[in-house]
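Chain naming here is simple, since letters A, B, ... match the order of the sequence lines and numbering starts at 1 in each.
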2 protein chains.
Amino acid sequence: MARTGRPREFDREKAIETAMNTFWEKGFESTSLADLRTVLNLSSASFYAAFGSKKALYEECLKRYTDTCGEVTSYLDDSSKSPKQAIQSMLRHTVTVQTSSTSPQGCMAVLSGMNCCDDNKEVETLTYSVRKQTRDAIFRCVKRGIERGELAATTDAESYTLMLDSFVKGISIQAKDGATEEQLLAAVDYLLMNWTSPMN
Amino acid sequence: MARTGRPREFDREKAIETAMNTFWEKGFESTSLADLRTVLNLSSASFYAAFGSKKALYEECLKRYTDTCGEVTSYLDDSSKSPKQAIQSMLRHTVTVQTSSTSPQGCMAVLSGMNCCDDNKEVETLTYSVRKQTRDAIFRCVKRGIERGELAATTDAESYTLMLDSFVKGISIQAKDGATEEQLLAAVDYLLMNWTSPMN
DNA sequence: TAATTTATGGATCAATCGTTCTATAAGTGA
DNA sequence: TCACTTATAGAACGATTGATCCATAAATTA
């Protein structure tokens, strides 16, 4: 049973991907409706009919981001790997994605919705929740590391997580500032020397 | 020889400090002229007579920031301390400033000018240069550490710096997201276990 | 006191913001 | 074919953006 009415002339899924890259690169506030209409090649009416509002589209884009490029929990919750290996895989993947020349540099959840004006605090909150998801997953991984004896039993899981997650979030700034994949992978290696293992 | 003309009715230095805190908290793009006029309690004419433009005021505020709260090179270039101690002092100071309840959380150079619209790329560039200054100072400190034998001679100074600086920049995100001074100081301690010293 | 200089309050500017409206086009179902 | 539904292009909306103008106020200098 086909849908009635005039069919949409553009691919909504592709549009979300394009918009995601725009928000990712420029940030929510600095991406105007005019910007979006330009990259999507849409009239105002089509835009609003398809997406509802700028904010609603951002929400869809952020979801798309966490479902694709920004997805990291699968690495961190993979208990077939040792926690250290899981963290290492996540970090390397993060570096590769955030320095790729085929997408904007840095992490969308760190760069696109940190500082919004008063009218758009929901965007900040939404973006924060994505950052929190990653931190929570790191926390789970660190706890596994302690349980398995891969990290000292005295390790403060919360602070150790904060140490790792600060580094993760900092990668975004470095990538945005022009650090290369090679340099950041080396930085990851240095960080992981910190993984205090009785087995090393 | 006193200045001629009607005297200014407000304290320009205090105004810069107030504006600095506003830019620091909300970011350049999300701080409107109306916001500034409100917190400074100024008419448009007075604002433009005193500061020239929003961009020019931001520039002064960023300078004020690097001269005061955001100043870290003195810690890093203090050769009376060991490089590790210098890094540690810098990190602890950074955490304390960025989690202080008397000023906005996080670092102004990371949070206030990362993502500007096309018209304000100079603001991005300016803010970037502040981030770079810190990174350069860390680099000098790391090199001293290698020279003094405090870090392995094989250490890649650039990547090691990137590791430390990523953590530094990440502190801003964590502070903005609500991490406390205590938690972040503990994270600093964990990070510095990474300082590979033949003397430890 | 008069001339000069700078600051102030408040109206106003063009441009842009995100959004909505109107008329028309293009499809489906009866 | 005709009613119905949805999409389109493009004008237009009120609000806000950063910035300027104008008349007046308050100081210094002569």
Side-chain angles (χ1 to χ4, degrees), chain A residues 1-16 18-19 22-23 26-62 112-113 115-124 126, chain B residues 1-16 18-19 22-23 26-62 112-113 115-124 126:
Chain A
M1 177 76 125
R3 224 169 57 108
T4 173
R6 178 173 173 177
R8 189 174 277 134
E9 289 180 5
F10 64 97
D11 184 332
R12 196 176 183 281
E13 294 305 304
K14 281 187 187 168
I16 287 178
T18 304
T22 307
F23 279 132
K26 313 179 70 160
F28 178 80
E29 294 282 358
S30 293
T31 301
S32 68
L33 248 293
D35 290 334
L36 291 169
R37 300 208 303 110
T38 299
V39 297
L40 301 180
N41 195 28
L42 287 183
S43 72
S44 286
S46 296
F47 178 92
Y48 280 91
F51 305 115
S53 71
K54 181 186 172 187
K55 220 175 278 189
L57 174 58
Y58 178 83
E59 198 162 340
E60 287 202 68
C61 290
L62 194 62
S112 74
N115 259 329
C116 296
C117 63
D118 297 336
D119 291 341
N120 298 318
K121 287 299 169 192
E122 317 150 56
V123 170
E124 273 189 14
L126 206 65
Chain B
M1 176 78 124
R3 223 168 57 107
T4 172
R6 176 174 173 175
R8 189 174 278 133
E9 289 180 5
F10 64 96
D11 184 332
R12 196 177 184 281
E13 295 304 304
K14 281 187 187 169
I16 288 177
T18 304
T22 307
F23 279 132
K26 313 178 68 159
F28 178 81
E29 295 281 359
S30 294
T31 302
S32 68
L33 247 295
D35 289 334
L36 291 168
R37 300 207 304 109
T38 299
V39 296
L40 301 180
N41 196 28
L42 287 182
S43 73
S44 286
S46 297
F47 178 92
Y48 280 92
F51 305 115
S53 70
K54 180 186 172 186
K55 221 175 278 188
L57 174 58
Y58 178 83
E59 199 164 341
E60 287 203 70
C61 290
L62 193 62
S112 75
N115 259 328
C116 296
C117 64
D118 298 335
D119 290 341
N120 298 320
K121 287 300 170 192
E122 317 150 54
V123 170
E124 273 189 15
L126 204 68

Nucleotide N/O to protein N/O under 3.5 Å, stretch nucleotides 3-5 of chain C:
none

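- F23(B) has its side chain within reach of L36(B): a pair of non-hydrogen atoms, C-beta onward, lies under 4.5 Å apart.
- In this structure K14(B) satisfies the salt bridge (charged side-chain N to carboxylate O under 4.0 Å, His left out) test with no other residue, sequence neighbours excluded.
- The distance between atom CZ of F47(A) and atom P of dT8(D), rounded to the nearest whole Å, is 13 Å.
- Going from atom OH of Y48(B) over to atom P of dT6(C) covers 21 Å, rounded to whole Å.
- DNA chain C is contacted by S53(A), K54(A) of residues 52-59 of chain A, taking any non-hydrogen atom closer than 4.0 Å.
- Residue P7(A) is the one, among D119(A) and P7(A), whose nearest nucleotide of DNA chain D lies closer to the 5' end (criterion: closest heavy atom).
- Looking at every heavy atom in both residues, Y58(B) comes nearest to S112(B) through OH-OG, 2.8 Å.
- Listed nucleotides dA7(D), dA19(D), dT8(C) differ in distance to E9(B); the shortest reach to its side chain belongs to dT8(C).
- S32(B) is linked by a side-chain contact (heavy atoms from CB on, under 4.5 Å) to A34(B), D35(B), counting only residues two or more places apart in sequence or in another chain.
- Qualifying side-chain contact (heavy atoms from CB on, under 4.5 Å) partners for D119(A), counting only residues two or more places apart in sequence or in other chains: C117(A).
- Side-chain atoms of R3(B) lie closest to dT6(C) of the nucleotides dT6(C), dG18(C), dT8(C).
- Nucleotide dA15(D) holds its P atom 18 Å from the CG atom of N120(A), rounded to whole Å.
- Rounded to an integer number of Å, the gap from R37(A) CZ to dA9(D) C1' is 10 Å.
- Two residues are said to be in side-chain contact when any heavy atoms from C-beta on lie closer than 4.5 Å; L33(A) and Y48(A) meet this criterion.
- In this structure, the side chain of T18(A) does not engage the main chain of L40(A) through any donor-acceptor pair within 3.5 Å.
- By the salt bridge (charged side-chain N to carboxylate O under 4.0 Å, His left out) test, D118(A) pairs with K26(B), sequence neighbours left out.
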message = Walk me through whether N120(A) and E29(A) qualify under side chain to side chain donor-acceptor pair (under 3.5 Å).
response = CA-CA 9 Å; N120(A) 298 318; E29(A) 294 282 358; 3.1 Å; yes
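- A heavy-atom distance below 4.0 Å to DNA chain C is reached by these residues of residues 39-46 of chain A, ordered by number: S44(A), A45(A).
- Residues forming a salt bridge (charged side-chain N to carboxylate O under 4.0 Å, His left out) with E124(A) (at least two apart in sequence, or on another chain): K121(A).
- In this view, E60(A) and R12(A), I16(A), F51(A) satisfy the side-chain contact (heavy atoms from CB on, under 4.5 Å) rule, not counting sequence neighbours.
- Spacing between atom CZ of R12(B) and atom P of dT6(C) amounts to 15 Å, rounded to whole angstrom units.
- Counting non-hydrogen atoms under 4.0 angstrom, F10(A) reaches the backbone sugars and phosphates but no base.
- Listed by chain and residue number, E9(B) satisfy the salt bridge (charged side-chain N to carboxylate O under 4.0 Å, His left out) test with R6(B) (two or more places apart in sequence, or in another chain).
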* Please walk me through it: do C61(B) and L57(B) pass side chain to side chain contact (heavy atoms under 4.5 Å, CB included)? -> CA-CA 6 Å; C61(B) 290; L57(B) 174 58; 3.8 Å; yes
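- Applying the salt bridge (Lys or Arg N to Asp or Glu O under 4.0 Å) definition to pairs two or more places apart or across chains, those involving residues 41-55 of chain B are K55(B)-E122(B).
- Using a 4.0 Å cutoff on non-hydrogen atoms, no part of residues 26-33 of chain A comes near DNA chain D.
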